[in-house]
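What follows is one structure encoded as structure tokens, with my remarks underneath.
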Amino acid sequence: MYNTISTTLYQGLCDRQLEKATESRARVFGIPMLESTVLVTLRRGLQISYAKNMGKLSREFRDRPVPPLDLAIWSIEYTARHPKGTLASPIRSQSWIQQKLIDIYAFLLFCLIITIFIICLTFKTLFNFYYRHMYTAPKSYKSKQI
């Protein structure tokens with residue numbers, strides 16, 4: 001797919017892509033795929049804008065200081081010359097606490113403990129409130145017993 005895209009960009013305009021763009025625009029606007037005047041007008045308008053945009057992209061694609069093959073060769077040679085700097089993982093320069101994510105796990109554990117504590121405290125408060133009002137005798141009942 002990349003080869004097709006790069007070839008299209010290099011050459012500038014591809015008729016098949018123009019047809020697909022016209023068909024998709026016609027489908028969006030609900031135009032039947034007949035050679036009607038609207039479709040011809042749409043195709044002509046798309047050809048102008050598509051040709052202009054593809055020409056601009058083609059000029060930008062060709063405006064490179066180094067051809068892609070030379071850039072690929074240079075990248076491979078650079079990697080071969082500097083094996084420790086290019087392919088080295090950044091984890092090699094981190095401490096073991098950062099490597100094992102100890103600080104993250106400690107923070108998550110702290111948050112979990114605080115959440116459990118708040119839930120337990122809420123249940124304890126609700127439990128005490130419920131039993132204080134349900135199982136204590138009303139004052140009128142206590143005064144009749146004496």
Side-chain angles (χ1 to χ4, degrees), residues 1-33 38-39 41-43 45-146:
M1 174 133 181
Y2 175 76
N3 192 19
T4 306
I5 293 172
S6 62
T7 304
T8 304
L9 284 174
Y10 189 79
Q11 292 173 352
L13 183 63
C14 179
D15 292 331
R16 184 169 169 86
Q17 287 181 343
L18 180 62
E19 287 177 17
K20 286 185 180 181
T22 306
E23 289 174 8
S24 67
R25 288 286 170 97
R27 258 187 257 126
V28 167
F29 293 122
I31 301 169
M33 291 308 298
V38 176
L39 188 59
T41 307
L42 183 63
R43 182 173 285 153
L46 279 176
Q47 269 182 329
I48 294 169
S49 66
Y50 192 78
K52 189 183 346 174
N53 289 339
M54 283 304 292
K56 181 182 174 187
L57 278 173
S58 178
R59 283 190 302 277
E60 290 175 1
F61 187 76
R62 290 180 188 184
D63 186 28
R64 292 182 173 195
V66 180
L69 182 62
D70 293 341
L71 182 63
I73 291 171
W74 179 84
S75 298
I76 292 170
E77 289 175 351
Y78 182 84
T79 304
R81 283 193 309 264
H82 304 90
K84 292 185 180 177
T86 311
L87 300 176
S89 174
I91 201 167
R92 292 175 59 194
S93 62
Q94 294 178 343
S95 68
W96 67 274
I97 292 177
Q98 291 173 327
Q99 287 178 3
K100 306 294 182 194
L101 301 173
I102 303 290
D103 53 346
I104 305 296
Y105 293 135
F107 177 73
L108 290 176
L109 181 66
F110 177 74
C111 289
L112 180 68
I113 290 171
I114 293 296
T115 305
I116 290 173
F117 177 73
I118 290 173
I119 289 172
C120 289
L121 189 64
T122 304
F123 278 129
K124 182 180 175 186
T125 305
L126 289 174
F127 185 75
N128 286 339
F129 180 76
Y130 177 73
Y131 279 106
R132 185 178 308 133
H133 290 291
M134 292 301 289
Y135 291 110
T136 55
K139 291 181 182 180
S140 61
Y141 181 73
K142 284 183 181 179
S143 62
K144 288 181 185 178
Q145 282 184 343
I146 300 177

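Throughout, residue positions are numbered sequentially from 1 according to the sequence presented.
- Considering CG of Leu71 and CD1 of Ile76, their distance stands at 10.0 Å, rounded to 0.5 Å.
- Tyr78 and His82 have tilted rings, their planes meeting at an angle from 30° to 60° on a 0 to 90° scale.
- With sequence neighbours left out, the side-chain contact (heavy atoms from CB on, under 4.5 Å) criterion links Ile118 to Ile114, Thr122.
- With sequence neighbours excluded, the residues satisfying side-chain contact (heavy atoms from CB on, under 4.5 Å) with Leu69 are Ile73.
- Not a single side-chain contact (heavy atoms from CB on, under 4.5 Å) links Ser93 to another residue, sequence neighbours left out.
- Within the structure, the ring pair (Phe, Tyr, Trp, His ring centres under 6.0 Å) test picks out no pair touching residues 100-119 (sequence neighbours left out).
- For Gln99 against Gln94, the heavy-atom pair with the smallest separation is NE2-O, 3.2 Å.
- Considering CG of Leu109 and CD1 of Ile102, their distance stands at 11.5 Å, rounded to 0.5 Å.
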Could you tabulate the donor-acceptor pairs under 3.5 Å formed by side-chain atoms of residues 123-130, not counting sequence neighbours?
from, atom 1, to, atom 2, distance (Å)
Thr125, OG1, Leu121, O, 2.8
Asn128, ND2, Lys124, O, 3.4

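- Every residue meeting the side-chain contact (heavy atoms from CB on, under 4.5 Å) condition with Leu112, not counting sequence neighbours, appears here in chain and number order: Ile116.
- A distance of 9.5 Å separates CD in Glu77 from CG in Asp70, rounded to the nearest 0.5 Å.
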